[in-house]
Amino acid sequence: MKIFDKVSMQTNLESFLDCTTPVVPSQFLSKSDTRKLNRLWHPWEREKVDYFVLADLWNSFDEWSAYGAGVPVVSDDGQNLIQYFVPYLSAIQIFTSNSSANCLREESDSVSETRDSFSDSFSDESESEKLSRWDGCSSDEGIFEQDSFWHPNERLGNLYLQYFERSSPYGRVPLTEKISSLAQRYPGLMSLRSVDLSPASWMAVAWYPIYHIPTGRTIKDLQTCFLTYHTLSSSFQDMDLENEVENVKTKRKEDESISVPPFGLATYKMQGDVWISGKNGQDRDRMVSLLSVADSWLKQLRVQHHDFNHFMGIRHG
């Protein structure tokens, strides 16, 4: 089968990361729009500035959300399989510039209504759980005491939206369905561009296994769940692939589309060595490195990420 030609040159971990990396169409800013960019977030002078629209990013998850993302895998006994994973939105934080925030404000009937809808995104949480999301934030930065656009500092930007999934896997809906639901209250989820977002904007996707082909005996090694972390900002798109800016990398495709690979990774129910069996331990080292980056990212933003804590066996309260 042709699908295994590529995987034969890849390790199972590389295959997973490659097959679950969203690829989106790129667009180019006009010169006038380029001059309006936030220079804190886009300090590099470029002739052309490309970006993607968030709606296109979510569209790249359509097929995966409906049927699962197929990942070619070679089992420990040498059998070629395709393991399917369904993506779920685990967490998202979107920080915008002042100009973008002002435009987005106009999409709401009032600031108070926006605050209500912000709170409704966490309607399954108690008040203490809502406030626990802001562990580490001083009271004068409390989002519920001001309006829904948080202003911690100029570099971070204005918080337009954050969402942390707390339901069990069986109570969740696939990523595109969740995004469509959130977009009814936050239309910026569709209209915002990657150049509008600060480097602090990110999302985490939980990938749960559903079945493998050919079917047959259950392979415990393939019951692993993954948590991938992706930047939503264009700030890192123009960096050389060999260099890292705070360990965040975004790859560029030759066909003028942009791929958004994970900068961080966590796993759950990892059994056996099927995902870390390649390249003399390099996969194991890579997984440890990606986990460390995810942990550092959350600590820098002072975020308590429910799924990450669950994957790591961390309990709060």
Side-chain angles (χ1 to χ4, degrees), residues 11-22 57-58 60-61 64-65 68-71 73 83-94 122 132-133 135 161-179 182 200-210 220-232 246-250 259-276 283-316:
T11 66
N12 290 335
L13 178 61
E14 289 171 339
S15 179
F16 172 81
L17 294 175
D18 182 58
C19 293
T20 58
T21 290
L57 176 61
W58 314 133
S60 72
F61 283 90
W64 296 339
S65 294
V71 178
V73 174
Q83 176 66 51
Y84 286 84
F85 294 84
V86 174
Y88 297 87
L89 182 65
S90 174
I92 187 170
Q93 282 188 315
I94 293 180
F122 306 91
S132 71
R133 296 195 312 276
D135 285 351
L161 163 69
Q162 74 167 358
Y163 176 83
F164 294 105
E165 182 60 79
R166 303 180 67 89
S167 302
S168 71
Y170 303 103
R172 303 184 183 192
V173 295
L175 186 142
T176 52
E177 188 175 340
K178 173 57 71 174
I179 289 293
L182 290 173
S201 299
W202 63 285
M203 70 170 177
V205 180
W207 301 87
Y208 291 102
I210 47 176
K220 288 185 178 180
D221 290 10
L222 297 181
Q223 298 305 303
T224 302
C225 308
F226 291 88
L227 192 59
T228 58
Y229 290 79
H230 308 257
T231 178
L232 299 176
E246 297 184 7
N247 296 307
V248 180
K249 296 191 289 186
T250 300
S259 66
V260 189
F263 65 81
L265 179 74
T267 62
Y268 182 64
K269 294 184 179 179
M270 175 76 77
Q271 302 181 48
D273 295 330
V274 70
W275 296 109
I276 51 175
D283 277 347
R284 186 186 298 272
D285 292 342
R286 186 177 186 185
M287 194 169 286
V288 169
S289 175
L290 288 169
L291 175 61
S292 176
V293 173
D295 184 46
S296 296
W297 179 265
L298 296 173
K299 286 177 178 175
Q300 286 179 38
L301 289 179
R302 297 182 293 180
V303 163
Q304 290 293 338
H305 182 194
H306 180 268
D307 279 352
F308 181 84
N309 291 341
H310 178 68
F311 275 35
M312 295 296 99
I314 301 171
R315 298 291 179 263
H316 291 278

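- The distance from the NE2 atom of H305 to the OH atom of Y229 is 4.5 Å, given to the nearest 0.5 Å.
- At distances below 3.5 Å, not a single donor-acceptor pair connects side-chain atoms of E177 with backbone N or O atoms of P174.
- Proximity of P262 to L17: side-chain heavy atoms (C-beta onward) are separated by under 4.5 Å at one or more points.
- Between the side chain of S296 and the backbone N or O of S292, at least one donor-acceptor pair lies under 3.5 Å.
- Closest non-hydrogen pair, V86 versus S65, comes out as CG1-O, 4.3 Å.
- We find the CZ-CG distance between R286 and L265 to be 9.0 Å, quoted to the nearest 0.5 Å.
- A 4.5 Å side-chain heavy-atom check between S90 and L227 finds at least one atom pair inside the cut-off.
- Here the CG atom belonging to L57 is positioned 5.0 Å from the OG atom belonging to S60, to the nearest 0.5 angstrom.
- Summarising the geometry, atom OH belonging to Y268 is positioned 3.5 Å from atom NE2 belonging to H310; distances are rounded to the nearest 0.5 Å.
- The minimum heavy-atom distance between I210 and Q83, with the atom names listed, is N-NE2, 3.8 Å.
- Across T20, T267, T228, a single residue satisfies side chain to side chain donor-acceptor pair (under 3.5 Å) together with W207, and that is T228.
- The two atoms that bring C19 and V71 nearest to each other are CB-CG2, 3.9 Å, heavy atoms only.
- Nearest heavy atoms, F311 versus C225: CE2-O, 3.8 Å.
- Residues T224 and V274 are not in side-chain contact: their nearest non-hydrogen atoms beyond the backbone lie 4.5 Å or more apart.
- A 4.5 Å side-chain heavy-atom check between I179 and Y163 finds every atom pair outside the cut-off.
- Note that CG of D283 and CZ of F16 are 12.5 Å apart. Values are rounded to the nearest 0.5 Å.
- Considering Y88, W64, F85 as possible partners of Y208, the one that fulfils the ring pair (Phe, Tyr, Trp, His ring centres under 6.0 Å) test is Y88.
- For the pair V303/W297, no side-chain contact is recorded, criterion being any heavy-atom separation below 4.5 Å from C-beta on.
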Evaluate the criterion ring pair (Phe, Tyr, Trp, His ring centres under 6.0 Å) for residue pair W275 and F226; output intermediate values, then yes/no. CA-CA 11 Å; W275 296 109; F226 291 88; 5.1 Å; yes
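- For the pair F164 and A91, the tightest heavy-atom approach, listed with the atom from each and the gap, is CD2-CB, 3.4 Å.
- In this structure, the side chains of P209 and K269 stay at 4.5 Å or more apart for every pair of heavy atoms.
- Across all their heavy atoms, A206 and R172 have their closest contact at CB-NH1, 4.1 Å.
- Note that CD1 of I94 and CD of Q162 are 11.0 Å apart. Values are rounded to the nearest 0.5 Å.
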